[in-house]
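The structure under discussion appears below in the form of structure tokens.
Small disclaimer: the values here were computed from a predicted structure and weren't measured. The figures here come from the full heavy-atom set of this structure, side chains too, leaving out hydrogens, waters and symmetry mates. Indexing begins at 1, ligand by ligand and atom by atom, following the structure's order.
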Amino acid sequence: MANKIQSIKGFYDVAPDIQKIWRFFESSCLSIFDQYGFEEIGLPIIEATDLFEAGVGTHTDIVEKEMYSWVDKLNDDKLTLRPEGTAGCVRAVVQGSLTYNGPIKLFYRGAMFRHENVQKGRQRQFHQLGVESFGLTDPSSDAEQIIMLNRLWKALGLEKKIHLEINSIGDAADREKYRDELIHYFEENMDVLDDDAKRRLHKNPLRILDSKNPLMQDMLDKAPKLIDSINEEAKNHFNTLCQILSDNQVNFKLNKRLVRGLDYYNRTVFEWITSELGSQGTVAGGGRYDYLVERLGGKPTAACGFAIGIERIILLLENASLGSSFYPDIYIVNLGNESRDKAFMIAESLRDQSYKVSVNLDSGSFKSQMKKADKSNAKIALIIGENELKNKLIQVKLIRKDGSQTEVKESDIISFINNNI
Ligand code: ATP
Ligand code: MG
């Protein structure tokens, strides 16, 4: 036998049972995003490497060590598999002048690629569903996204498993001033800094605040907090956001150490966190990024967004009950070629009525087909054998009701099913 070829480390198949959970998740998102007026945009998976260097920032984990980048053989273009969706979305908005007629609210979904250490909830190909609003400066825009997410968690039955943490990191000037202050504080605590923190000290000191190293927690808790020194306008923006969230019964926790890993944020940052996935506990994260559109060549445009890590949500949903939405309504047992032909015709006329119908396609015995009918979770089994064919009858078994079996005339089958399903 030939060697079995395996998938690459960090890249996974989604088995049909798990894919059902994905569909449950996606259909919940789609209907809720529709309710709030967000429109879906399709974006390419490959972009110019420059986009992520400029967009995400050269001193981030993503750009420093996680991107799948290469030089195209044909024309020497530097290309990258997208590691996140915001930069590409901003590029599309700028390129297509999508804010020409005013603010726009978008969402996208799809695979992202990062060369990371693989563990539960941390893959090399993973999927995000991201939401981005452009042209809206008011905190009501940040609030609307958070309130919408809160509704999504409830629809998925996850509201007890995840909580919201928010913070404000002020504007560029606040951050610049704070950066120096923070470097100074870390320099005074050099003996506590781990190697990673020392490496980041002058490149991206804010990111050190995110460290999970238990030996640094005490020192980090005592570090000066950016939110305590942000400008008045940013402070008001944040207070209004908190007020709107409270008015709409969205619980949150102020986490003054929350800064997020990407360079482009200002003012609002937020994360939804679960305690069920260890250090991969962030299931969604986002915030405001009022400078990014300009940084990527557009006119200054306020913006705000978030991304959900779909695999982590799926892990939380693994025990969810999906109800009967994926089961067939009707399973047709048939014996012999002629019965199968009849079964196909009846199945088509039932599908015309929007029923989900499975026709048995192998030549199993009556008993084994009945077992399959039962296992399929269908509500009703139809049985077509030689006798039924000859007499234009169908045996109907109400497997999920009382298990009773009735003989129905072929011509009456649709109305019988309409009355009994
Ligand atoms: P993390 O703290 O897990 O490294 P991050 O700050 O890198 O997250 P973002 O870039 O903000 O994450 O991405 C948004 C969400 O996408 C994360 O909160 C997470 O749910 C998911 N995500 C990020 N990286 C991965 C990955 N390698 N595998 C699976 N999901 C991921
Ligand atoms: Mg990361």
Give a yes/no verdict on whether any heavy atom in [X] is under 4.0 Å from an atom of ligand 1.
X: Glu116; answer: yes
X: Glu311; answer: no
X: Arg124; answer: no
X: Gln280; answer: no

Pick, from [options], the option with the minimum heavy-atom distance to [atom].
atom: atom 29 (C) of ligand 1; options: Ala284, Gly309, Gly121, Ser279; result: Gly121
atom: atom 4 (O) of ligand 1; options: Glu84, Lys212, Arg122; result: Arg122
atom: atom 12 (O) of ligand 1; options: Arg312, Gln128, Arg114; result: Arg114
atom: atom 22 (N) of ligand 1; options: Tyr265, Phe126, Phe113; result: Phe126

[X] heavy atoms, cut-off 4.0 Å: which ligand 1 atoms fall inside?
X: Thr282; value: 17 (C), 18 (O), 19 (C), 20 (O)
X: Val283; value: 20 (O)
X: Gln123; value: 26 (C), 27 (N), 28 (N), 29 (C)
X: Arg260; value: 6 (O), 9 (P), 11 (O)

Cationic N near anionic O, under 4.0 Å, [X] to [Y]:
X: Glu84; Y: Arg114; answer: no
X: Asp171; Y: Arg175; answer: no
X: Arg122; Y: Glu116; answer: yes

Within the 3.5 Å criterion, strictly below it, is a donor on Asp138 or Ser140 matched to an acceptor on the partner's side chain? yes

Hey, what's the ring geometry for Phe134 with Tyr289, parallel, tilted or perpendicular (30° and 60° as the breaks)? perpendicular

Look up atom OG in Ser339 and atom CD1 in Ile332, then write down how far apart they are to the nearest 0.5 Å. 11.5 Å

Ile21 CD1 to Glu26 CD distance, which is reported to the nearest 0.5 Å: 12.5 Å

Heavy-atom count check: over 12 atoms from other residues, nucleotides or ligands less than 6.0 Å from Lys78 NZ? no

